[in-house]
Asker: 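Mind having a look at this structure? Questions to follow.
Owing to the predicted nature of the structure, the values given are computational and were not obtained by experimental measurement.
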Amino acid sequence: MKTKHLSSLILLLLFSYSIHAQEFKLGKVSIAELEQKVHPKDSSAVAAILFKKGQTSFQFSEHEGFIVQCEVSMRIKIYKKEGYNWANQSVAYIAGGGNISEKVSISDAVTYNLAAGKIEKTKLKSEGEFIEKINKYWNRKKITLPSVQEGSVVEFKYTIRTNNIGMLREFDFQTNIPVNYAEYKTFVPEYYIYNTKLKGFITPKIVTEKASQSLSFTSKERSGGGWTPTSTTFSTDKVNYQETRNTYTVTDVPAMKEEAFVNNIDNYTTSIVQELSMIQYPNETSKPYSTNWNAVAKTIYEYEDFGPELNKTGYFEDDLKAVIAGLTSQDEIIATILSYVKSTVKWNEDFGYSCDNGVKKAYKDKIGNVGDINLMLTAMLRTAGLKANPVLVSTRSNGISIFPNRYAYNYVIAAVETPEGLILLDATSKYSNPNILPFRDLNWFGRLIRKDGSSEEVDLMPKIASADNVIMMYSIDGAGKITGKLRRQRTNHNAMSFRAEIENLKEEEYLEKLENENQKIEIADYSRSNEKDVKLPIMETCSFTGTDLCEVIGEKIYLNPLLFFTKEHSPFKQETREYPIDYGFPFVEKYSINIDIPQGYVVETLPKSAQLNMEDNMGGFKFIVNTAGNKIQLTISHQINTPIVSAEYYSMLKDYYQGMIAKETEKIILKKA
């Protein structure tokens, strides 16, 4: 045993030594890297980043001034087929619009394989590189590396040149596969002062140095003229300045593991973000550059494809008058206008807070992006006499921005200000309702912008619980066959997600799926109501039979009273957790169950009633049991009141789920009388 442990220690030490001794340069792939079958510290890894090196520097030219150049080189080992997607790489960049310009180039893209003991090298071909348009502001340069197989090593380098000095490119030290070594360097002239923020739970090693640099300016001067011959003289001026050089390094970074109820895992990965806070040019007064969210919102409002679009109303005014004619209630007017926009203009699934083709064209063509639809909605609400304003949003997939900047947002919704609070609206989803937004919108906070340029933070997280109510009545015969009826009602976000789930499913396909997912039950007399009327809860009713829903052993029947609704496994498996638990919205699940036990049987064992309460009224679980004659009645509920739970409560939440699952999986035991 001691020998085994000693061997493992030696292997780890050798691995650690090889990282520090290795020369991290593209083109220096070794046979040892190609022969490696599994990652030394994570045998489940489908791939690993052997090294990632980034460098951001400032290049000066007399015509452009300082330009930021970001270079990133990377080498990746592919262990399993599931890791092939790491041979597909992309870099997003600003395509145009505004004063920012960016150029991206990808080079040194190569795949290495081991063939007959020799290293085989395959370079990226031209057909493996292409540009994808994300929207009118952003493009993405993509590559697909060739000849990838299990055991391959791929490497590449990309370079971004940009005049955007306000926000340096974010550098990620961590991702969903292990990173053996990551290094990031910045070379910043003394004229620029940046705020630096580190995200995540791993702190890189930081080394700071100062170095002398210089700039050369060439100027020309003409003399002479008239009777005197013209001559041009050139002179060169030199300016010395200090450059701050920071090096950030990490080794043996574990993969970020997806866990249950995580908003966007990129919010918690180890990375560095840098925002310009001040410019100090020689012989000039310092210029603060950092902005705040109010300034960002005001700037966005003044864009020609944002604020001015809200002022266009002539294209819909006559139609709107007919739509809201006779309505007097504020809630009716809001719901009617929302419904009208949803049914009139289809979302093309393009994000963006600004209009693509403009509200007028979107209304005419009956299709538009997020900005087209929700700015149109806002304008209609204003025209109807309501105090409506746009709310800038960063969707869940877009993450949460640390610094105020106009790229932090990628979405816009509408809000109506009332004495009772804000009513939030999104007309891109046909299943949305007032204050029932699509799940993608539920990302902590947005920012409301008013006509005068003022703004305020808006809590996007729902306050009203979404319900999932189940009533189930069933009987058991002596052979263990269960026959019953079920009624299920979903409200708010539960109803929205269910409507979206069944939108493109035929009823027979849905029922087949339902039967297969619920222990091969047979469903009959199925009906669904309020499917199209999104203002009402959606209802399902059916009859069901099942022969595998309980166990018959000898003269006893063992039964989970919740049948196919029983929760058997906790979603929280990690010992500790460093990021919040994000449910998205508060909810309550309720089950009302009536069981008829078979004739000739009596209850031998019955779970006891129980109640579990979370700290700080975050939620709770109730399990109430009653018996009367040959009937058993159960009322079970699980409620979450807080949509985002801090990681400091993880231990409590984990215990709560374990207790709930233990109670739900307790069996009723029936025996022959």
Side-chain angles (χ1 to χ4, degrees), residues 300-393 411-438 441 446 448-455 458 496 499 532-536:
I300 290 172
Y301 198 93
E302 292 169 353
Y303 288 163
E304 63 178 16
D305 49 10
F306 193 93
E309 294 288 332
L310 286 165
N311 298 325
K312 297 175 182 177
T313 59
Y315 65 96
F316 65 70
E317 282 182 320
D318 291 341
D319 295 337
L320 183 64
K321 284 178 185 177
V323 168
I324 61 174
L327 300 180
T328 56
S329 160
Q330 173 186 268
D331 290 346
E332 272 189 310
I333 293 170
I334 291 171
T336 301
I337 294 175
L338 174 64
S339 179
Y340 177 67
V341 176
K342 289 194 298 182
S343 62
T344 303
V345 187
K346 182 183 178 183
W347 180 38
N348 62 11
E349 301 196 5
D350 283 345
F351 286 21
Y353 51 70
S354 56
C355 294
D356 194 354
N357 296 315
V359 288
K360 189 174 180 179
K361 190 173 190 310
Y363 189 75
K364 179 185 175 183
D365 296 345
K366 300 186 182 304
I367 190 168
N369 75 340
V370 170
D372 292 323
I373 292 171
N374 284 329
L375 293 182
M376 180 192 305
L377 171 64
T378 307
M380 287 188 184
L381 293 165
R382 286 179 175 179
T383 303
L386 298 166
K387 192 177 180 182
N389 290 296
V391 176
L392 297 167
V393 171
Y411 205 91
V412 65
I413 60 174
V416 177
E417 295 185 64
T418 74
E420 294 75 33
L422 290 178
I423 298 174
L424 303 178
L425 307 158
D426 186 345
T428 64
S429 168
K430 65 176 75 172
Y431 305 120
S432 72
N433 269 311
N435 280 333
I436 307 297
L437 302 173
D441 300 0
L448 180 145
I449 330 174
R450 299 185 181 88
K451 292 180 184 179
D452 62 4
S454 66
S455 70
V458 173
M496 174 188 275
R499 286 184 172 106
K532 303 298 182 185
D533 192 345
V534 298
K535 296 186 295 295
L536 298 174

Asker: Any chance you could measure M496, atom CE, to K430, atom NZ, to the nearest 0.5 Å?
Answerer: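 Here the rounded value is 12.5 Å.
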Asker: Which atom names give the shortest non-hydrogen contact between R382 and P390, and what distance separates them?
Answerer: NH2-CD, 3.9 Å
Asker: Just by distance, no angles: are the side chains of D452 and S454 close enough, under 3.5 Å, to form a donor-acceptor pair?
Answerer: yes
Asker: How long is the straight-line distance from NZ of K387 back to CZ of R450, given to the nearest 0.5 Å?
Answerer: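 Result: 6.0 Å between the selected atoms.
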Asker: Please lay out, stage by stage, how D372 and V345 fare under the test side-chain contact (heavy atoms from CB on, under 4.5 Å).
Answerer: CA-CA 9 Å; D372 292 323; V345 187; 6.0 Å; no
Asker: Hey, what do you get for CD1 (I333) to CG (L386), rounding to the nearest 0.5 Å?
Answerer: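 CG of L386 is found 6.0 Å from CD1 of I333.
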Asker: Given the rule in the side chain to side chain donor-acceptor pair (under 3.5 Å) test, do T428 and D426 qualify, once you have shown the distances and angles that lead to the verdict?
Answerer: CA-CA 6 Å; T428 64; D426 186 345; 2.8 Å; yes
Asker: Measuring only between side-chain heavy atoms, which start at C-beta, is I449 closer than 4.5 Å to Y353?
Answerer: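 I449 does not reach Y353 side chain to side chain.
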Asker: So, for T336 and E332, which heavy atoms are closest and what is the spacing to 0.1 Å?
Answerer: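 Shortest heavy-atom contact: OG1-O, 2.7 Å.
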Asker: Determine, stepwise, if the pair K312 / E309 fulfils side-chain contact (heavy atoms from CB on, under 4.5 Å).
Answerer: CA-CA 5 Å; K312 297 175 182 177; E309 294 288 332; 3.0 Å; yes
Asker: Distance from S343 atom OG to L338 atom CG, nearest 0.5 Å?
Answerer: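 The CG atom of L338 is 9.5 Å from OG of S343, to the nearest 0.5 Å.
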Asker: Could you walk me through whether T313 and L320 satisfy the side-chain contact (heavy atoms from CB on, under 4.5 Å) test, starting with their C-alpha distance in whole Å, then the side-chain angles of each, then the deciding distance to 0.1 Å, before giving a yes or no?
Answerer: CA-CA 10 Å; T313 59; L320 183 64; over 6 Å; no
Asker: I'd like to know whether K364 forms a side-chain contact (heavy atoms from CB on, under 4.5 Å) with K360, so could you lay out the CA-CA distance, the side-chain angles of the two residues, the decisive distance to 0.1 Å, and finally the verdict.
Answerer: CA-CA 6 Å; K364 179 185 175 183; K360 189 174 180 179; 6.0 Å; no
Asker: Pick out which of V391, V359, I413, N369 makes a side-chain contact (heavy atoms from CB on, under 4.5 Å) with N374.
Answerer: I413
Asker: With L425, which of T378, L377, L437 fulfils side-chain contact (heavy atoms from CB on, under 4.5 Å)?
Answerer: L377
Asker: To the nearest 0.5 Å, what is the distance between OH on Y431 and NZ on K532?
Answerer: 5.5 Å
Asker: Ring pair (Phe, Tyr, Trp, His ring centres under 6.0 Å): which pairs involve residues 318-340, sequence neighbours left out?
Answerer: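 Every candidate ring pair (Phe, Tyr, Trp, His ring centres under 6.0 Å) pair involving residues 318-340 fails, so no pair, neighbours aside, qualifies.
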Asker: Is it true that S455 and Y301 share a donor-acceptor pair across their side chains at a distance under 3.5 Å?
Answerer: no
Asker: Give the minimum heavy-atom separation between I324 and I337, together with the two atoms involved.
Answerer: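 Looks like CG2-CG1, 3.8 Å.
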Asker: Got N357 and I367 here, is their nearest side-chain heavy-atom distance under 4.5 Å?
Answerer: no
Asker: Do you know the tightest heavy-atom contact between N433 and V534?
Answerer: ND2-O, 2.5 Å
Asker: First locate atom CG of D331, then atom CD of E420, and finally report the distance between them rounded to the nearest 0.5 Å.
Answerer: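 Here the rounded value is 8.5 Å.
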Asker: For residues Y315 and M376, report the shortest heavy-atom separation together with the two atoms involved.
Answerer: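 Looking at all heavy atoms of both residues, the closest pair is OH-CG, 3.4 Å.
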Asker: Testing the basics here: between W347 and I373, what is the closest heavy-atom pair and its distance to 0.1 Å?
Answerer: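 Taking W347 first and I373 second, the nearest heavy atoms are CA-CD1, 3.4 Å.
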